[in-house]
Number of protein chains: 2
Amino acid sequence: MTDINSSKRGSPLSSSSLGGDRPRPAKTGGSPLFLRDEELRQAIELLFYAYRDFTGEPDVILAQRDLGRAHHRVIYFVGRYPGMTVSYLLDILKITKQSLSRVLGQLMTEGYIRQDQGQEDRRQRLLTLTEKGEELERLLTETQRKRIARAYRAAGPEAVEGFRDVMLGIISSDEDRARFENRGE
Amino acid sequence: MTDINSSKRGSPLSSSSLGGDRPRPAKTGGSPLFLRDEELRQAIELLFYAYRDFTGEPDVILAQRDLGRAHHRVIYFVGRYPGMTVSYLLDILKITKQSLSRVLGQLMTEGYIRQDQGQEDRRQRLLTLTEKGEELERLLTETQRKRIARAYRAAGPEAVEGFRDVMLGIISSDEDRARFENRGE
DNA sequence: AATTTATGTCAGTCATGTTGACATATATGC
DNA sequence: GCATATATGTCAACATGACTGACATAAATT
């Protein structure tokens, strides 16, 4: 049907556990756009693989506590911005109030997060991690920090700068990009 | 309760739609690890925001066709490796056969993907996009390619190199990293 | 001939997202 | 002070996409 597996190009890579040859990327014709297209597709895939692996380790730890990735995100950001409001969290996560509500409710019931009434604006419920929450946050973030630290160390400071610039460019809004300014103090 | 909103540091950023001051990151004490911790946390957040926005546009297009992100991943990778096997796809996505089965079944029923029996190994079902599938793939990938292209252009070639190196470092396995070798030909 | 591999399928469950409507307390503007 | 807007919470219903575990078939491999 196709000649994908007929090894016309390049040396046959040692057959993996998948059996047979590794599939080859589709060619987009010999057009001058080939390299550019290839480069952009690689970026797409880098994002996919990196994100998949980046979330893999925490997911295991969370599963042991009957929590999911959604809980992780909440714990992470509440740990990051102690005393943050529910609105602010919604704005970061870009999910509905309903979705957050369930997750947040569980985290409070289980004692990972505490709510305090705002002083200036008493409608606000300021979110903070409890001891237990901080402990879990450290555990989860530690795996991700290690992964990033390893990648940063291997790639070097210049690469880190480039990584940061490209990632900022991928983000849609100025508002979100602004979260990365003036942080070193 | 806390003094998070009391604006002790820095100039007050113009209050956003969220009302009130922007929450400030938690300090980790004046330890010498501060910068490193901050740097690593920023990476964690860059991954979160970038991935969230990266998948946002395709999600809208998919929703119009009653498809989800899972369908996108399948369509993308089948388009990338025409004639790929089910096993290979499972290996990339790292999900269960069951999860893939449902999504793949829908895509075939809806006429986005075709299955052909392998010639050498007739147990294999080689996956290929149909015309309709290719059309959707182009539409979806186009939004992501544009996003990446914009980011790459803004950041410059050196940054792109760094981005790539860091992302490769974040990926867990040599097997997956190997997917990025020898592609330019 | 026995075993392994590639694929498919059944049944049930869970996590996490969605919409839309409605309720309450508090803050703010006129 | 009253009207309106905002911050938050809550109810019901639903869709998607993951999961587990078991079992079935055809073809390849040993």
Side-chain angles (χ1 to χ4, degrees), chain A residues 5 15-21 23 52 55-56 58-60 62-75 83-91 93-110 113 115-127, chain B residues 5 15-21 23 52 55-56 58-60 62-75 83-91 93-110 113 115-127:
Chain A
N5 285 330
S15 58
S16 69
S17 59
L18 302 164
D21 295 335
R52 187 201 59 185
T55 52
D59 283 354
V60 174
L62 290 156
Q64 292 162 0
R65 289 165 176 72
D66 282 305
L67 299 174
R69 199 176 296 178
H71 301 92
H72 184 190
R73 292 196 279 255
V74 170
I75 285 176
M84 83 190 310
T85 65
V86 173
S87 298
Y88 194 70
L89 186 50
L90 281 173
D91 192 63
L93 299 178
K94 299 246 197 288
I95 59 175
T96 59
K97 202 167 37 159
Q98 239 352 285
S99 301
L100 176 58
S101 171
R102 200 177 327 111
V103 172
L104 199 51
Q106 286 171 275
L107 289 173
M108 290 190 303
T109 302
E110 308 286 330
I113 286 185
Q115 278 191 333
D116 300 306
Q117 192 169 51
Q119 307 173 295
E120 298 180 14
D121 185 336
R122 287 181 306 176
R123 290 171 304 180
Q124 294 179 337
R125 301 299 134 104
L126 307 184
L127 305 172
Chain B
N5 284 331
S15 57
S16 67
S17 58
L18 303 165
D21 293 337
R52 185 200 61 183
T55 53
D59 283 354
V60 173
L62 290 156
Q64 292 163 358
R65 290 166 176 71
D66 283 305
L67 299 175
R69 200 177 294 178
H71 301 92
H72 184 189
R73 292 196 278 256
V74 170
I75 286 176
M84 84 191 311
T85 65
V86 173
S87 298
Y88 194 70
L89 187 50
L90 281 173
D91 192 63
L93 299 178
K94 299 249 197 287
I95 59 175
T96 59
K97 202 165 39 159
Q98 236 356 281
S99 301
L100 177 56
S101 172
R102 198 176 335 106
V103 171
L104 199 50
Q106 285 171 275
L107 289 173
M108 290 191 302
T109 302
E110 308 285 332
I113 286 186
Q115 279 192 333
D116 300 306
Q117 192 170 49
Q119 306 172 295
E120 296 181 15
D121 186 335
R122 285 179 308 176
R123 289 172 304 181
Q124 295 180 335
R125 299 299 132 104
L126 308 182
L127 306 171

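Note that this is a predicted model, so its numbers are computed, not measured. Labels below follow one simple rule: chain letters A, B, ... track the order of the sequence lines, proteins then strands, and each chain is numbered from 1.
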Checklist line | Among C:dT16, D:dG17, D:dC19, the one nearest B:T96 by side-chain distance | finding: D:dC19
Note to self: Which heavy atom of B:T55 sits nearest to which heavy atom of B:P58, and what is that distance?
What the structure shows: O-CD, 3.5 Å
Next item on the list: Take B:Q115 and B:L127 through the test side-chain contact (heavy atoms from CB on, under 4.5 Å) and record every step on the way to the result.
Entry: CA-CA 5 Å; B:Q115 279 192 333; B:L127 306 171; 3.6 Å; yes
Notebook entry, point to check: D:dA7 C1' sits how many Å from A:L89 CG, rounded?
Noted result: 14 Å
Margin query: Run the side-chain contact (heavy atoms from CB on, under 4.5 Å) test on A:L93 and A:V74 for me, step by step, so that the C-alpha distance in whole Å, both residues' side-chain angles and the decisive distance to 0.1 Å come before the verdict.
Written below: CA-CA 8 Å; A:L93 299 178; A:V74 170; 4.1 Å; yes
Next item on the list: Could you state the atom-to-atom distance from OH of B:Y88 to C1' of C:dA6 in whole Å?
Entry: 16 Å
Note to self: Within the 4.0 Å heavy-atom criterion, would you say A:H71 contacts the bases, only the backbone, or no part of the nucleic acid?
What the structure shows: sugar-phosphate
Next item on the list: Find the distance between NZ (B:K97) and CG (B:L104) and round it off to the nearest 0.5 Å.
Entry: 12.5 Å
Margin query: Contact between A:T85 and A:R125 at the side-chain level, heavy atoms closer than 4.5 Å - yes or no?
Written below: no
Next item on the list: Determine whether any donor atom in the side chain of B:R123 lies under 3.5 Å from an acceptor atom in the base of C:dT5, or the reverse, and answer yes or no.
Entry: yes
Margin query: Expressed as a whole number of angstroms, how long is the span from B:E120:CD to C:dT5:C1'?
Written below: 16 Å
Check: C:dT5 C1' sits how many Å from B:Q124 CD, rounded?
Finding: 10 Å
Notebook entry, point to check: So which heavy atom on A:Q119 is nearest to which on A:R122, and how close?
Noted result: O-CG, 3.9 Å
Notebook entry, point to check: Side chain of B:R122: nearest nucleotide among D:dA28, D:dC19, C:dT7?
Noted result: D:dA28
Check: Within this structure, what is the NZ-to-P distance between A:K97 and C:dA21, rounded to whole angstrom?
Finding: 13 Å
Check: At what distance, to the nearest 0.5 angstrom, does CG of B:D66 lie from NE2 of B:H71?
Finding: 9.5 Å
Margin query: Looking at A:S87, I'd like to know whether one of its side-chain N or O atoms comes within less than 4.0 Å of OP1 or OP2 on D:dT6.
Written below: no
Check: Could you give the NE2-to-C1' distance, from A:H72 to D:dA18, as a whole number of Å?
Finding: 19 Å
Notebook entry, point to check: What integer distance in Å separates A:D91:CG from D:dT6:P?
Noted result: 15 Å
Next item on the list: Kindly indicate, with the supporting measurements, whether the criterion side-chain contact (heavy atoms from CB on, under 4.5 Å) is fulfilled by B:L126 and B:M84.
Entry: CA-CA 5 Å; B:L126 308 182; B:M84 84 191 311; over 6 Å; no
Check: Taking CZ from A:R69 and P from C:dG17, how many angstroms apart are they, rounded to a whole number?
Finding: 10 Å
Check: Which residues within residues 99-110 of chain B lie with some heavy atom under 4.0 Å of an atom in DNA chain D?
Finding: B:S99, B:R102
Item checked: Residue met sooner reading DNA chain C from 5', once A:R73 and B:R125 are mapped to nucleotides -> B:R125
Notebook entry, point to check: Starting at the 5' end of DNA chain C and moving along, which residue's nearest nucleotide shows up first, A:D121 or A:D66?
Noted result: A:D66
Check: Could you state the interatomic distance from CG (A:L67) to CG (A:L62), rounded to the nearest 0.5 Å?
Finding: 6.0 Å
Margin query: Tell me whether the side-chain N/O atoms of B:Q115 come closer than 4.0 Å to OP1 or OP2 in C:dG8.
Written below: yes
Checklist line | Rounded (10°) bend between the five-pair end axes of the helix from C:dA1-D:dT30 to C:dC30-D:dG1 | finding: 40°
Check: Is the closest side-chain heavy-atom distance between B:K94 and A:R52 below 4.5 Å?
Finding: yes
